[in-house]
Amino acid sequence: MARKEELEALRQEVRRLRKVLSETTPDLSSMLRRRGFRVYRKEPGDDLLLPSRKHLDGYYDTLKRYSFRLLLRDVIKHQNSFTVRDVTRYSTADVTEDYVAYLVETGLAEPLDGAFRLRKRPVKSFGPTLEWFLCEVFRREFATEAIWGVTFKGQKVGGDYDLIAKIDGSLLYMEVKSSPPKQIYDTEISAFLDRVEDLSAEVSVFFMDTELRMKDKIVPMFERELANRYENPPGVERMVKELFQISDRIFIINSKESIPSNIEKALSWYFRRKI
């Protein structure tokens, strides 16, 4: 027990020191401007599925559960009318009932003739909510300045930058994928690496909200794309389990076990090998 308390005290001290460092180094906007990037738009709320402010902390904690995130995808799919049975695919009926009751309690869903529906409609996808959640992970767990759903004006590479954060004076870019590996294509890997190069971020992360293996499809896709780009391509090396790194600064991670823990492993790997 004492060891757990000591570990928590150390984590709190790390957060404090990171906050001090963050306050004494250039802010995120300045870091981006130095690279020639000015934010045109960020954090769009059109498809964001969030409860009222008083429920946000509990909602954030509940989003840490993979089963709840999977349920939200199904709820969005059946947003106009769904029953507990419609969204019982990844949890038991009892757990699903509790989740649906929680959605009603927080005002995200409402009863409808023996079924339920989302209060906010239409919601196109779970993507923006997942990006918001990942941004909150960086803000809450790592005491960093972070923004999500970022569009730059006049950049060479098109598309949104899902998440950008300032980590101890280093710029981090994260691509956030809510789709399973079978729905990821070579063009998405190529676009990610284009943005990595264009933004000149010190550390970049390709994140997939899945507990499936990354070695089977995603890692080979990165290896092929790297081979297309470089005469002597860097290797895609396993860090631990289904977490991989490229040149100690590009990371491929999933959500198996814990999203905050997997992000921590990537950041620790980067900073321990940073020259």
Side-chain angles (χ1 to χ4, degrees), residues 43-52 55-56 58-137 148-149 151 159-163 174-189 191-192 206-214 216-218 221 242 253-259 262:
E43 303 181 359
D46 295 347
D47 286 327
L48 199 55
L49 191 60
L50 296 183
S52 62
H55 294 296
L56 273 183
Y59 187 62
Y60 168 77
D61 287 335
T62 308
L63 277 170
K64 290 181 179 179
R65 303 177 189 174
Y66 184 51
S67 60
F68 182 66
R69 299 195 303 274
L70 291 177
L71 174 127
L72 283 183
R73 290 176 175 85
D74 278 348
V75 166
I76 290 171
K77 181 179 178 181
H78 302 284
Q79 59 190 276
N80 292 315
S81 177
F82 64 90
T83 64
V84 170
R85 188 171 184 176
D86 290 331
V87 294
T88 304
R89 288 202 299 164
Y90 305 102
S91 300
T92 64
D94 288 344
V95 170
T96 303
E97 284 181 7
D98 289 342
Y99 282 157
V100 172
Y102 175 72
L103 294 179
V104 173
E105 177 189 344
T106 55
L108 290 172
E110 60 186 0
L112 176 70
D113 298 329
F116 303 90
R117 68 179 179 186
L118 282 183
R119 282 184 178 271
K120 177 180 179 178
R121 303 182 309 279
V123 175
K124 295 177 183 176
S125 77
F126 179 61
T129 302
L130 182 61
E131 291 174 21
W132 172 87
F133 171 65
L134 267 294
C135 194
E136 287 297 299
V137 170
W148 62 272
T151 300
D160 293 343
Y161 288 68
D162 294 338
L163 188 151
M174 174 182 277
E175 182 75 12
V176 179
K177 297 295 185 184
S178 59
S179 303
K182 66 181 180 180
Q183 294 180 18
I184 301 299
Y185 301 98
D186 292 319
T187 53
E188 295 174 81
I189 307 300
F192 167 72
F206 189 89
F207 167 80
M208 294 196 65
D209 191 17
T210 181
E211 294 191 346
L212 298 174
R213 285 166 50 91
M214 305 293 275
D216 294 341
K217 180 181 178 183
I218 303 302
M221 291 172 73
E242 292 303 305
I253 68 175
N254 65 2
S255 55
K256 180 76 170 179
E257 296 183 6
S258 165
I259 291 176
N262 289 348

Could you give the side-chain donor-acceptor pairs of residues 107-123 under 3.5 Å, partners two or more places apart or in another chain?
unit_1 : atom_1 : unit_2 : atom_2 : d
E110   : OE1    : R119   : NH1    : 3.2
E110   : OE2    : R117   : NE     : 2.7
E110   : OE2    : R117   : NH2    : 3.1
R119   : NE     : G107   : O      : 3.3
K120   : NZ     : G45    : O      : 2.8
K120   : NZ     : D46    : O      : 3.1
K120   : NZ     : L48    : O      : 2.8
R121   : NE     : N80    : OD1    : 3.3
R121   : NH1    : L118   : O      : 2.5

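Rounding to the nearest 0.5 Å places CZ of R89 at 10.5 Å from CZ of R73. Within the model, atoms OH of Y99 and CZ of R65 stand 5.0 Å from one another, a figure rounded to the nearest 0.5 Å. For the atom pair CD of E242 and CD of E257, the computed distance is 10.5 Å after rounding to the nearest 0.5 Å. Annotation: the span from C135 atom SG to M174 atom CE amounts to 10.5 Å, rounded to 0.5 Å. To the nearest 0.5 Å, atoms CG (L130) and CG (L49) are separated by 12.0 Å. Going from atom CD of E136 over to atom CH2 of W148 covers 10.5 Å, rounded to the nearest 0.5 Å.
Under a 3.5 Å cut-off, the side chain of Q79 and the backbone N or O of I76 do form a donor-acceptor pair. In terms of modelled atom types and a separation under 3.5 Å, the side chain of D98 and the main chain of V95 share no donor-acceptor contact. Between the side chain of N254 and the main chain of L212, a donor-acceptor pair closer than 3.5 Å is present. The backbone N or O of V84 sits nowhere less than 3.5 Å from a side-chain atom of T96 that would complete a donor-acceptor pair. With hydrogens and angles disregarded, no donor-acceptor distance shorter than 3.5 Å links the side chain of K64 to the backbone of I259. Although no hydrogens or angles enter the test, the distance criterion places a donor-acceptor pair under 3.5 Å between the side chain of N262 and the main chain of K256. Without hydrogens or angle criteria, Y59 side chain to S52 main chain gives no donor-acceptor distance under 3.5 Å.
Judged by distance alone, the side chains of S255 and D209 do bring a donor and an acceptor atom under 3.5 Å apart.
Atom NZ of K77 is surrounded by 12 or fewer heavy atoms from other residues, nucleotides or ligands within 6.0 Å.
Annotation: side chain of F207 is not in contact with side chain of D162 (no heavy-atom distance under 4.5 Å). When side chains are defined from C-beta on, I184 counts as touching I189, because their heavy atoms get closer than 4.5 Å. Contact annotation: the side chain of I218 approaches that of F206 to within less than 4.5 Å [non-hydrogen atoms, C-beta and beyond]. Between F126 and D47, the closest side-chain pair of non-hydrogen atoms is not below 4.5 Å. The closest side-chain heavy-atom distance from F82 to V75 is below 4.5 Å.
Considering all non-hydrogen atoms of both residues, R69 and L63 come closest at NH1-O, 2.8 Å. P44 approaches G149 most closely through the heavy-atom pair CD-O, 3.6 Å.
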Inset, instruction - Determine, stepwise, if the pair L103 / F68 fulfils side chain to side chain contact (heavy atoms under 4.5 Å, CB included). - result: CA-CA 11 Å; L103 294 179; F68 182 66; 4.0 Å; yes
Inset, instruction - Evaluate the side chain to side chain contact (heavy atoms under 4.5 Å, CB included) criterion for residues L71 and D74: first the C-alpha distance (whole Å), next the side-chain angles of each, then the deciding distance (0.1 Å), finally the verdict. - result: CA-CA 5 Å; L71 174 127; D74 278 348; 5.7 Å; no
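Taking K177 as the reference, E175, E188 meet the salt bridge (charged side-chain N to carboxylate O under 4.0 Å, His left out) condition, with sequence neighbours excluded.
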